[in-house]
Amino acid sequence: MISEKISQQVKNLIQQEFKTGDVILSYQDSGTPGVMTPIFIHSKEDIGKILINSLCVNNLAVYLSSFFQSEYKDIKQKGRIIITAKPCDAKSVVQMISDEQIPNEKILLIVFECDGVTTSRLIKEKVNQEFSKIDIKDGKYIVTLQDKQSQSIQAEEVRVSKCKDGSLCDLPTYYDYYFVGTEKSSKIDQHSKVMTETPLLQERLSRTEFKKIVDTELEKCIRCYACRNICPACFCSEKCIIDKPKLAVPFLDKEVNLANNILFHMIRFNHVAPNCTECGECERVCPQEIKLSIFYHYFNRLVKKEFGFVSGKSDLERQKLLNYRLGEELV
Amino acid sequence: MAKQDLIYLFLCRADKRKKLLTEIEKKFPNIQTINIHCAGRFNPILAFKLLQQKAAGVILLGCDTGDCHYREGNLFSERRIFLARETLHGFGMDRNRLQALWYNPKQIAPVLESLETFTKYISNLASKGDSI
Amino acid sequence: MEKNRLNKKDLGNFLTILKKHYSNIISPGLDDKNSPVFRLINSAQEIVLDKITPIKPPKEFLFPQSEELMTYDKNDSYTPTRIVEKTKFAIFGARPCDIKAIEYNNLFFGNKFNDPYYQSKRENLLLIGISCEFPSSSCFCTTMGISPVESSGSDLFLTNLGTDYLVEWVSDIGKAIQQFFAEILTEAKPEDEKMKIKIEETTRSKLVEEINLTEIKGKIIQTYDKEDLWKNYSEVCIACGACTFNCPTCTCFDVQEKMESLENGTRYRTWDSCQFYDFCLHASGHNPRGTKMQRLRQRILHKYQYSIDQLNQWSCTGCGRCIRSCPVGINTRSILKDIKEELHG
Amino acid sequence: MDNFQDNQYIPFPSVLLDVREENKTIKRFLVQLPDHLRQQKIIPGQFFQLSAIGYGEIPISVSDFDPEAGTIMFCIANTGSITTKFHQLSKDQLIGLRGPFGNGFPVTSFLGKNIVLLAGGIGLVPLRSVVSYFFRNPDAFNKIEILYGAKSTSDIIFRNEIKQWRLKPKTSFKMTIDNPEKGWSGNTGFVSNFLLSSYSEKSEILFAEDPEFKNTKVLVVGPPAMYKSVFNALSDIHFPDKEVLLSLENRMKCGIGKCGHCNCGSKYVCLDGPIFSWFELKNLPKEY
């Protein structure tokens with residue numbers, strides 16, 4: 001569990017580091033039980049609102065590119081951006097730096113140790129009903145149900161899928177501060193290879209069987225573009241090919257049907273394949289609960305196997321797909 | 001033309017390859033040719049869109065490695081095509097529906113031969129009931 | 001209003017009789033991931049009423065996400081053809097929040113100009129409501145003045161009494177079909193009404209909070225210029241359309257054309273979200289709502305102010321779907337609380 | 001509801017009688033009205049939804065309407081994807097027509113009034129319908145003054161009409177271009193200059209004819225930037241805001257208040273507008 005101590009230490013550090021003009025990106029309580037929401041802090045008085053705990057599942061890296069892009073002119077940044085991140089989120093930040101989306105010197109990356117986060121959706125599934133309150137105590141989630149009864153859940157029972165093994169938990173190659181000290185829950189098994197070695201559906205099933213799964217999953221898509229907009233690797237913002245309004249015939253019809261939905265997800269994954277750090281945000285935010293992990297796991301392993309590239313783990317090397325030098329060996 | 005056997009051919013500098021074009025038109029009525037300036041300008045999402053909506057197969061025909069008019073255009077494309085083909089596979093489609101051929105512009109026979117194999121392969125898929 | 005009891009064991013028979021008159025029955029069921037979803041059902045076993053209301057509202061059956069408006073073809077001198085829905089269908093198990101949303105949509109689509117596509121479906125709909133016993137932690141219907149057992153707006157309304165359902169025949173259409181079910185219905189008992197009140201109390205106690213909006217009704221526009229208030233939320237917003245697409249009263253749509261070939265094609269409409277950057281982008285490049293702050297403010301003010309000006313109704317029913325679906329946990333209730341605080345100093 | 005005409009979403013195919021180039025970006029389209037629209041009253045300032053069939057629909061305001069001949073005229077500037085398609089159309093081709101929508105200028109209430117028309121650029125298009133209404137009904141007003149500002153000489157539209165307007169009785173016409181140009185001897189500067197009391201060619205109606213503003217209406221149509229300078233000038237001379245009428249443009253899809261794209265606060269530009277008074281505009285959010 002991310003301890004209160006870390007939360008306090010991070011706050012103290014931010015107090016010291018904060019200068020006028022800086023923006024702090026962190027978490028606060030949203031008011032909905034079990035849901036944390038990101039917070040942008042512009043003034044020193046608001047630093048007290050920061051709350052970091054094991055419900056902080058959002059990947060704050062997604063907000064970084066907006067500071068340096070055209071659409072959101074209202075938040076063009078002069079000072080630094082102080083961002084608090086879990087080690088997995090820090091990989092997205094590093095990847096964005098190496099994609100030249102954000103300048104390195106404008107970021108103060110504060111990483112805190114984490115041993116698994118959870119979402120209110122997972123807790124609801126676990127207790128099989130709605131709840132009205134969550135307290136975090138002694139490595140357990142104390143859930144107050146709607147009938148005022150309470151139930152306690154071990155942290156490791158409700159970890160989100162990316163926390164099943166430690167492949168994203170190692171220290172990023174670039175950071176400014178790193179806080180250690182989780183408490184009272186079993187650590188994530190760093191040696192477990194659940195994520196990297198479980199056979200992919202694409203390999204396990206025959207193509208027609210797999211196609212059926214793809215069809216049933218993507219049929220549900222309502223194209224709200226939550227997956228695209230929450231993705232730190234999808235940094236085209238309003239320039240995205242999918243909603244380019246100036247084209248005479250839009251590249252992707254707005255009509256929602258299976259063929260168009262598949263096309264949308266094909267374009268998205270093809271574009272983010274070399275940048276995806278498997279943060280799992282797209283799957284988490286999908287209101288239709290589409291299992292997008294079957295795709296991003298596939299692409300990540302593919303890029304790793306064929307190009308030897310693990311996004312978010314190398315600071316300087318830009319992806320090979322974007323870069324070619326004469327004489328270099330192909331695929 | 002029905003979707004199951006329509007094939008789109010992206011041809012690098014087609015306007016300069018009249019002889020090849022007439023041969024293709026004569027031999028393969030189901031192939032639609034699209035002129036592009038360099039194989040390096042080929043965007044895989046065009047292939048996705050065609051496969052999803054209109055066509056059963058897409059081929060990119062570019063110059064041999066090292067022959068590129070723009071020096072390295074086709075090398076970029078080769079990597080992109082690789083990823084695009086794997087994308088098709090990742091979404092449960094046959095990756096061979098998208099092909100890239102690299103050929104010497106002076107030799108027409110081997111091109112026609114590979115187009116022949118490709119059309120056969122696509123119509124074979126259709127007869128097996130493998131729809132996109 | 002006449003009332004009856006229906007034994008739960010007879011629900012199957014109820015549906016069989018219903019099916020004779022309404023060929024398609026839509027009800028909350030489970031999808032492949034065991035989440036509740038409104039879908040076509042064939043038997044009483046598929047109906048799931050003991051979960052929270054599905055994330056996707058039943059508006060899609062009246063106002064589909066993509067709907068053909070007309071087709072055209074060159075040989076026919078561009079004469080458009082019109083499509084009218086004729087299948088009768090029933091929505092079973094809609095909660096009061098969804099019923100009220102459909103009521104609002106009826107009002108909206110019938111206002112000034114009639115929307116024939118919506119109305120033709122609405123005329124074929126039988127709306128069967130049910131008392132809400134399973135609110136989610138995001139629900140706030142009582143804030144919007146809707147009781148969890150409110151029956152108005154539905155055609156018939158069920159309340160779970162344990163072994164039986166209390167059946168209220170609310171609308172004229174509901175009263176007209178009462179006779180078909182005579183065999184399986186029994187008389188309602190006087191204590192049933194008390195049970196209903198008790199259910200209401202229990203459900204109310206399960207809600208996380210209730211905000212009293214009577215004082216600020218009609219005054220929310222005064223917060224228009226309070227940019228700091230909106231920015232608190234819009235900075236976090238990622239400008240996706242999850243809240244609007246899952247909202248039961250969001251009805252904005254885009255009209256697009258699709259060419260099948262050069263000769264023929266269709267014009268269709270499809271849901272659009274005011275949160276998207278290109279929602280009101282002019283061809284000149286000027287964008288009246290170019291920032292996320294303006295777009296978030298537009299959504300909230302439309303729900304809580306503009307609809308009051310236009311139709312004298314909130315266009316929010318407190319179903320909590322925007323809170324449930326928000327990827328970044330923006331809480332509409334706390335926006336309302338902030339607005340209230342802003343207005344009262 | 002099976003009545004075909006009840007469905008407001010369906011356009012009527014109409015023949016293009018004439019397509020002419022006004023300037024390098026604007027083309028003029030003369031359209032034959034479908035039969036059922038011939039009897040309908042079309043008020044100046046209203047708009048139609050025009051479809052380039054196969055590509056999409058755009059709202060275009062009426063620039064002239066001839067009830068006897070049953071023709072209607074639109075002027076379309078080439079700015080977006082659909083307008084580009086319109087510019088590729090030619091005589092005798094079909095377009096889709098749906099409307100008229102919106103409130104239009106309250107022309108019947110202009111009886112005995114002085115009218116000042118301020119047009120900036122393509123804003124002359126909707127105002128032209130007002131002008132031709134007046135020429136068709138010469139008793140409907142007292143006096144009109146047309147003040148027109150174009151970006152440059154090559155952007156001037158309705159050149160032939162302007163020549164006629166200059167000759168009409170009870171009418172005065174003034175124009176200006178933004179920057180001095182070779183071969184242009186007229187006024188330069190923005191159209192709002194006509195409203196300045198220090199300007200040499202200031203508006204006759206506002207400064208000489210009716211300096212108390214008792215019997216005058218001002219009609220303004222132009223780009224958003226022009227509204228700003230015009231309103232500044234009008235508030236300097238304390239012109240009453242209820243007597244100023246203007247036309248708003250917003251992205252629209254349906255034209256009948258359903259699609260939700262064009263709203264400006266609780267008003268829909270397609271239903272409650274596009275003509276608003278300056279007074280109403282002050283109470284609307286700045287979302288236009």
Side-chain angles (χ1 to χ4, degrees), chain A residues 200-203 205-218 241-242 249-253 255 257-274 294-303 305-307 319-331, chain B residues 3-4 38-56 58 62-68 70-98 100 102 121 124-132:
Chain A
L200 296 164
L201 286 180
Q202 280 92 334
E203 291 160 6
L205 302 175
S206 80
R207 201 160 51 75
T208 35
E209 280 173 326
F210 178 66
K211 179 83 176 112
K212 247 181 229 143
I213 292 181
V214 173
D215 287 357
T216 46
E217 287 293 326
L218 297 186
I241 177 97
I242 286 153
V249 179
F251 188 83
L252 180 63
D253 274 334
E255 188 181 18
N257 56 28
L258 180 62
N260 286 344
N261 292 352
I262 294 180
L263 184 55
F264 160 60
H265 289 280
M266 271 168 92
I267 294 173
R268 195 178 92 77
F269 280 110
N270 185 63
H271 280 171
V272 302
I294 55 179
F295 303 114
Y296 65 72
H297 283 320
Y298 168 81
F299 281 100
N300 244 44
R301 281 194 216 173
L302 180 81
V303 173
K305 194 172 130 218
E306 302 294 338
F307 297 97
Q319 314 94 315
K320 280 195 172 162
L321 275 167
L322 303 178
N323 221 345
Y324 174 78
R325 282 178 201 89
L326 270 183
E328 198 179 325
E329 224 173 279
L330 286 170
V331 184
Chain B
K3 183 186 167 180
Q4 58 256 32
C38 171
R41 290 297 297 139
F42 174 72
N43 195 336
I45 63 174
L46 291 172
F48 299 157
K49 181 165 179 165
L50 286 173
L51 289 176
Q52 216 36 259
Q53 297 184 341
K54 281 208 157 69
V58 174
C63 311
D64 229 348
T65 319
D67 279 357
C68 180
Y70 304 95
R71 289 181 71 218
E72 56 202 49
N74 50 4
L75 300 175
F76 270 104
S77 211
E78 197 161 338
R79 282 191 177 156
R80 272 191 224 134
I81 291 275
F82 171 79
L83 188 65
R85 279 163 55 96
E86 295 307 315
T87 308
L88 291 182
H89 181 69
F91 281 78
M93 284 168 231
D94 191 340
R95 52 162 86 83
N96 291 328
R97 284 184 190 272
L98 173 60
W102 311 105
Y121 183 81
N124 198 14
L125 277 182
S127 64
K128 273 196 284 180
D130 190 333
S131 65
I132 300 170

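Letters A, B, ... are given to chains in the order of the sequence lines, protein chains preceding strands, and every chain is numbered from 1.
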Side-chain heavy atoms of B:Ile81 within contact of B:Phe42, under 4.5 Å
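Yes, at least one pair of side-chain atoms sits under 4.5 Å.
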
More than 12 foreign heavy atoms under 6.0 Å from CZ of B:Arg41: is that the case here?
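For B:Arg41, atom CZ is not crowded (no more than 12 foreign heavy atoms under 6.0 Å).
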
Under a 4.5 Å cutoff for heavy-atom pairs, which residue among A:Ile267, A:Leu258, A:Asp215, A:Leu218 has the most contacts with chain B?
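Highest number of heavy-atom pairs under 4.5 Å: A:Ile267.
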
Region of A:Leu302 that comes under 4.5 Å of a non-hydrogen atom in chain B
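Side chain only.
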
So what's closer than 4.5 Å to chain B heavy atoms on A:His271: side chain, backbone, both or neither?
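Contact with chain B: side chain only.
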
Looking only at non-hydrogen atoms, find the nearest pair between B:Asn96 and B:Arg85 and report the distance.
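Scanning both residues completely, I find the closest heavy atoms to be OD1-NH2, 3.3 Å.
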
Just how far is it from atom CZ of B:Phe48 to atom CZ of B:Arg97, taken to the nearest 0.5 Å?
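So the CZ of B:Phe48 and the CZ of B:Arg97 are separated by 14.0 Å.
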
